[in-house]
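In what follows, chains are A, B, ... by sequence order, proteins preceding strands, each numbered from 1.
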Amino acid sequence: MPVDMRVASPEDAASPSRAPLLLAPLQLAPLLLAWYDGHARALPWRTPPGDATPPDPYRVWLSEIMLQQTTVAAVAPYFARFTARWPTVAALAAADEGELMAAWAGLGYYARARNLIACARAVVDGHGGRFPDTETALRALPGLGAYTAAAVAAIAFGRRAVVVDANVERVTTRLFACPVPLPAARPRIRALADTITPGERAGDFAQAMMDLGASICTTRKPRCLLCPLATLCHARATGDPEAFPVKCMKKPRPHRRGIAYWLAAEDAVLLVRRPDKGLLGGMRALPGGDWGAIAEPAPPADADWRPIGTVEHVFTHFSLSLDVMAAALPMRPFADRPGAQWWPIETIDEAGLPTLYARAAMLGRATHPEGLPA
DNA sequence: CATCCGTGGTA
DNA sequence: TTACCAAGGAT
């Protein structure tokens, strides 16, 4: 049987009918940290165990931004390329914005890339090139919300901060068998996480919670037999730990259809730059209309347009069937202009196209390998 | 509080 | 295969 962690809280005193708040024993953090000392994942942005070198706030920050809603496997190669190309926050602040956006292409959530450079410049211009070392000051930087500010404060600067991400939410709601459904449970989860966060090694504690959530306390089929906290876990005691966290129903994802145009001429293809705000904001793209709009988009030039395939793509809040139309002209009907440029087809992979358009471009390149009429 | 914002892996 | 979801933030 698990140790009984229930104690009365001030909140319960105010509303006796409510279920008692659960508090973990103080032994939880030492138990988890001991497990972490032997089982921490080796990740590119972590200092090796036993290495006394203080963490580089720039690398901690960069990794945390990249890891927002993004898996470790997806982030790793991007982190390697970014740190090789821009080794310091000063270097990143001086980066060409277009090059940075292109380097981010494929990772998704492109507002992160725009905020990344804005944050680097704020650190250089407003903080003398050094990241602020308090949670409050970090929270004021572009792209740093409650989670990231707490994570950087704890991991990079050793501050005690309550770090709550999806892993911590899962682990915590299971430890306490929290019955309140998300997202309404967030304030309570944070309060619960606060009670188990230690004063020392808060950064290691946060990373330990996330490693535990990633490798043992997983969304589906948690490996409770390997969990160092199993004896403290109320969800495990219920026999169905997967039932936590409790979640509300989601809306169905609508489907949209759209058109993109592959216009080839003189070994090049016409690319446009999307508006800074909104979907794929600031990224290069193939010409085409706004999907879901009533009117069909006009082709970028008069030509013999032919359908060359359809790209199926799934975004967060809708799925898309993108019909790709292609045409080739013997000469460019117009030169580069603001918001549009001719890009060599041979190096289209270096254009920094987001995944949707990279797939459309694969269809186009197969149709017009040299940009000449077939 | 709800909505918008990418992508690829997993069962 | 479909559905879910991952080191969230901005508005």
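Heavy atoms of A:Ala146 sit under 4.0 angstrom from primed sugar atoms or phosphate atoms, though from no base atom. A:Val314 comes within 4.0 angstrom of a base, heavy atoms only. When heavy atoms are screened at a 4.0 angstrom cut-off, A:Leu43 is found touching base atoms of the nucleic acid. At the heavy-atom level, A:Ser63 lies nowhere under 4.0 Å from the strands shown. Within the nucleic acid shown, A:Gly106 comes within 4.0 Å of sugar-phosphate atoms alone, with no base atom in reach, counting heavy atoms only. Looking at heavy-atom distances under 4.0 Å, A:Ala111 makes no contact with the nucleic acid at all. At a threshold of 4.0 angstrom between heavy atoms, the contacts of A:Leu280 are confined to the sugar-phosphate backbone, with no base atom among them. Heavy atoms of A:Trp104 sit nowhere under 4.0 angstrom from any nucleic acid atom.
Dashed line: the shortest gap from a side-chain N or O of A:Lys251 to OP1 or OP2 of B:dT3 is under 4.0 Å. Contact check, A:Thr71 against C:dC5: no side-chain N or O comes under 4.0 Å of OP1 or OP2. Remark: A:Gln69 is not in phosphate contact with C:dA6, judged by side-chain N or O atoms under 4.0 Å from OP1 or OP2. Phosphate contact (OP1/OP2 of C:dA7, side-chain N/O of A:Thr70, threshold under 4.0 Å): absent. A:Lys277 has no side-chain polar atom (N or O) that falls below the 4.0 Å cut-off from OP1 or OP2 of B:dC4. In this model, the phosphate group of B:dT7 is approached by a side-chain N or O of A:His313 to a distance below 4.0 Å at OP1 or OP2. Using a 4.0 Å cut-off, no side-chain N or O of A:Arg170 falls inside it from OP1 or OP2 of C:dC4. Residue A:His317 has a polar side-chain atom (N or O) positioned under 4.0 Å from OP1 or OP2 of B:dC5. In this structure, A:Thr355 reaches the B:dT7 phosphate: one of its side-chain N or O atoms is under 4.0 Å from OP1 or OP2. Between A:Lys247 and C:dC4, a side-chain N or O to OP1/OP2 separation shorter than 4.0 Å is absent.
For A:Tyr147 and C:dG9, the OH to C1' distance is 13 Å, given to the nearest whole Å. The interatomic distance linking A:Asp276 (CG) with B:dC5 (P) rounds to 14 Å, in whole Å. To the nearest angstrom, P of C:dA10 lies 10 Å from CG of A:Leu141. Protein atom CG of A:Leu67 is 15 Å distant from nucleotide atom C1' of C:dG9, rounded to whole Å. Summarising the geometry, the separation between OH on A:Tyr110 and P on C:dG8 is reported as 17 Å, rounded to the nearest angstrom. Atom CG of A:Asn115 is separated from atom C1' of C:dG8 by 12 Å (rounded to the nearest Å). In this structure, A:Arg220 atom CZ and B:dT10 atom P are separated by 11 Å, rounded to whole Å. Counting to the nearest Å, the P atom of C:dA7 and the CG atom of A:Asp165 are 6 Å from each other.
The side chain of A:Tyr109 approaches C:dG8 more closely than any other nucleotide in the set B:dA11, C:dA7, C:dG8. Comparing atom distances between the A:Thr148 side chain and each of C:dG9, B:dT7, C:dA7 picks out C:dG9 as nearest.
Ion pair A:Glu169/A:Arg186 flagged as a salt bridge, since at least one NZ, NE, NH1 or NH2 atom sits closer than 4.0 Å to an Asp/Glu carboxylate oxygen. Contact check on A:Glu200 versus A:Arg160 returns no salt bridge, with no Lys/Arg side-chain nitrogen under 4.0 Å from an Asp/Glu carboxylate oxygen. Using a cutoff of 4.0 Å between basic side-chain nitrogens and carboxylate oxygens, A:Arg59 and A:Asp56 are not scored as salt-bridged. Taking a cutoff of 4.0 Å between a charged side-chain nitrogen and a carboxylate oxygen, A:Asp349 and A:Arg365 qualify as a salt bridge. Taking 4.0 Å as the cut-off between side-chain N and carboxylate O, A:Asp133 and A:Arg130 do not count as a salt-bridged pair.
You'll find a donor-acceptor pair under 3.5 Å spanning the side chain of A:Thr316 and the base of B:dG6, going by distance alone. For A:Arg114 against C:dA10, no side-chain N or O and base N or O form a donor-acceptor pair under 3.5 Å.
Aromatic pair A:His313/A:Phe315: centroids less than 6.0 angstrom apart. Here A:Tyr78 and A:Trp104 keep their ring centres 6.0 angstrom or further from each other.
C:dA7 and B:dA2 have their C1' atoms separated by 23 Å, given to the nearest Å. Rounded to whole Å, the separation between the C1' atoms of C:dA10 and B:dC1 comes to 14 Å. Using atom C1' as the reference point in both B:dG6 and C:dC4, the two lie 15 Å apart (nearest Å).
Comparing A:Gly143 and A:Val72 along DNA chain C, the residue whose closest nucleotide (by nearest heavy atom) sits nearer the 5' end is A:Val72. For the pair A:Arg112 and A:Pro187, both in contact range of DNA chain B, the more 5′-proximal nearest nucleotide belongs to A:Pro187.
Taking each heavy atom of A:His234 and A:Ala177 in turn, the nearest pair found is CB-CB, 3.7 Å.
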